[in-house]
Amino acid sequence: MDPLHHPLFIKFIAYFNENQDYFECHEVLEDYWNAVAPRDRTHPLVGYIQTAVALYHWRRDNFRGAAKLFAKAERLLRAAHEEESPFSKGVDVPSLLRNIIDARNAVEKEQPFKPFLIAVDDSAIRSAVMELIASGGVPTLTGARLIHKHMLRDRSHILLEREKRRSSRH
């Protein structure tokens with residue numbers, strides 16, 4: 001299977017382009033990255049994740065975090081494109097890189113958030129994204145539920161594990 005035809009990448013594109021749920025983009029693609037290249041911070045999937053997280057930060061006016069992640073994403077995605085990585089086939093990477101550079105420039109000037117799309121030039125990816133959207137697989141979120149999603153999720157299991165680690169050290 002072409003790596004960008006993977007269901008998790010399809011979900012990533014749907015969340016990114018359809019409802020701009022950049023937090024969910026990060027979650028979905030991180031699962032895929034952990035399955036194919038765990039801990040490899042130079043993998044092209046990390047560049048896509050960083051792009052989504054940079055947009056999430058920018059929307060929340062975290063200009064410093066957004067600029068830093070846009071720069072990292074640009075480097076990774078440019079390298080993947082130049083190396084003709086299978087993780088860059090099917091996406092219009094030159095267009096994506098221009099959008100990332102434009103976004104980073106806007107962020108550095110602390111301009112208001114302006115989303116962009118990831119252009120897909122593979123018809124199978126586009127069809128799969130449209131099917132996912134049509135099936136209701138991309139929920140519509142607005143307002144605080146979209147902008148501050150990381151703060152609204154249930155983190156009790158994370159906090160419990162953190163407390164267990166602290167207790168075991170003492």
Side-chain angles (χ1 to χ4, degrees), residues 4 6 8-82 85 87-88 90-120 125 129 132-133 137-159 161-162:
L4 296 189
H6 191 282
L8 291 174
F9 192 81
I10 300 300
K11 274 188 167 182
F12 167 79
I13 292 294
Y15 283 120
F16 195 101
N17 287 350
E18 180 65 17
N19 69 356
Q20 301 164 356
D21 187 346
Y22 304 119
F23 183 84
E24 202 60 36
C25 287
H26 159 266
E27 294 289 297
V28 166
L29 214 54
E30 192 172 78
D31 287 345
Y32 186 26
W33 170 61
N34 282 324
V36 298
R39 295 183 194 82
D40 179 0
R41 298 212 177 264
T42 63
H43 195 278
L45 289 174
V46 174
Y48 292 110
I49 293 167
Q50 290 170 332
T51 301
V53 175
L55 284 162
Y56 187 78
H57 284 312
W58 185 13
R59 181 166 37 206
R60 300 183 74 248
D61 293 333
N62 177 354
F63 299 109
R64 185 170 174 243
K68 185 176 178 180
L69 285 170
F70 277 135
K72 288 180 177 184
E74 179 192 350
R75 280 192 298 275
L76 289 178
L77 293 170
R78 184 177 306 284
H81 181 63
E82 289 171 356
S85 164
F87 288 89
S88 65
V91 169
D92 183 350
V93 177
S95 170
L96 177 56
L97 291 170
R98 282 190 302 276
N99 285 331
I100 289 170
I101 291 166
D102 290 347
R104 189 181 73 230
N105 289 335
V107 163
E108 287 171 352
K109 295 173 187 166
E110 296 191 4
Q111 293 178 348
F113 172 71
K114 182 181 174 197
F116 58 81
L117 301 178
I118 295 177
V120 176
I125 295 172
V129 167
L132 180 62
I133 293 166
V138 180
T140 301
L141 296 176
T142 58
R145 300 245 343 120
L146 185 63
I147 296 170
H148 305 294
K149 193 168 187 179
H150 76 284
M151 296 173 9
L152 302 173
R153 65 189 167 145
D154 178 11
R155 298 188 67 233
S156 57
H157 65 287
I158 296 168
L159 298 174
E161 286 300 316
R162 188 179 296 158

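Numbering starts at 1 and runs along the sequence shown. For clarity, every value in this text was computed on a predicted model and none was experimentally measured.
- Remark: L97 pairs with E74, L77, R78, V93 by the side chain to side chain contact (heavy atoms under 4.5 Å, CB included) rule, at least two apart or across chains.
- The side chain to side chain contact (heavy atoms under 4.5 Å, CB included) search around L117 returns N17, not counting sequence neighbours.
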Q: Output, in order, the C-alpha distance, side-chain angles, deciding distance and verdict of side-chain contact (heavy atoms from CB on, under 4.5 Å) for F12 and I118.
A: CA-CA 10 Å; F12 167 79; I118 295 177; 3.7 Å; yes
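- The salt bridge (charged side-chain N to carboxylate O under 4.0 Å, His left out) pairs that include a residue from residues 35-50 number zero, where partners must be two or more places apart or lie in different chains.
- Looking only at side-chain heavy atoms (C-beta outward), R64 and N62 come within less than 4.5 Å of each other.
- Take H26 and apply the side-chain hydrogen bond (donor to acceptor under 3.5 Å, both in side chains) test, not counting sequence neighbours, and it matches E30.
- With Y22 as the fixed residue, the ring-ring contact (aromatic ring centres under 6.0 Å, His included) test singles out one of Y56, Y48, F16: F16.
- Applying the salt bridge (charged side-chain N to carboxylate O under 4.0 Å, His left out) rule to pairs touching residues 105-116 yields R104-E108, sequence neighbours excluded.
- How far CD of E82 is from OG of S88: 10.0 Å, rounded to the nearest 0.5 Å.
- Listed by chain and residue number, nothing satisfies the ring-ring contact (aromatic ring centres under 6.0 Å, His included) test with H57 (two or more places apart in sequence, or in another chain).
- By the side chain to side chain contact (heavy atoms under 4.5 Å, CB included) test, R75 pairs with A71, K72, sequence neighbours left out.
- Taking A103 as the reference, W58, F70, F116 meet the side chain to side chain contact (heavy atoms under 4.5 Å, CB included) condition, with sequence neighbours excluded.
- For the pairing with I49, the side chain to side chain contact (heavy atoms under 4.5 Å, CB included) check across V28, L76, L29 returns one residue only, L29.
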Q.
One pair to check against side-chain contact (heavy atoms from CB on, under 4.5 Å): D31 and W33. What are the steps and the verdict?
A. CA-CA 6 Å; D31 287 345; W33 170 61; over 6 Å; no
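- The CZ atom of F87 sits 9.0 Å away from the CZ atom of F9 when rounded to the nearest 0.5 Å.
- Taking every heavy atom of both residues into account, A54 and A66 meet most closely at O-CB, 3.4 Å.
- Contact check for H81 versus L96: no side-chain heavy atoms found under the 4.5 Å cut-off.
- Scanning all heavy atoms of the two residues, the minimum distance from A73 to G47 falls at CB-O, 3.4 Å.
- The nearest pair of heavy atoms linking Q20 to R59 is O-NH2, 2.6 Å.
- V129 places a side-chain heavy atom less than 4.5 Å from the side chain of I133.
- Y32 contributes atom OH, which lies 9.5 Å from atom CD1 of I10 (distance to the nearest 0.5 angstrom).
- Pairs engaging residues 93-103 under the side chain to side chain donor-acceptor pair (under 3.5 Å) rule: none recorded [sequence neighbours left out].
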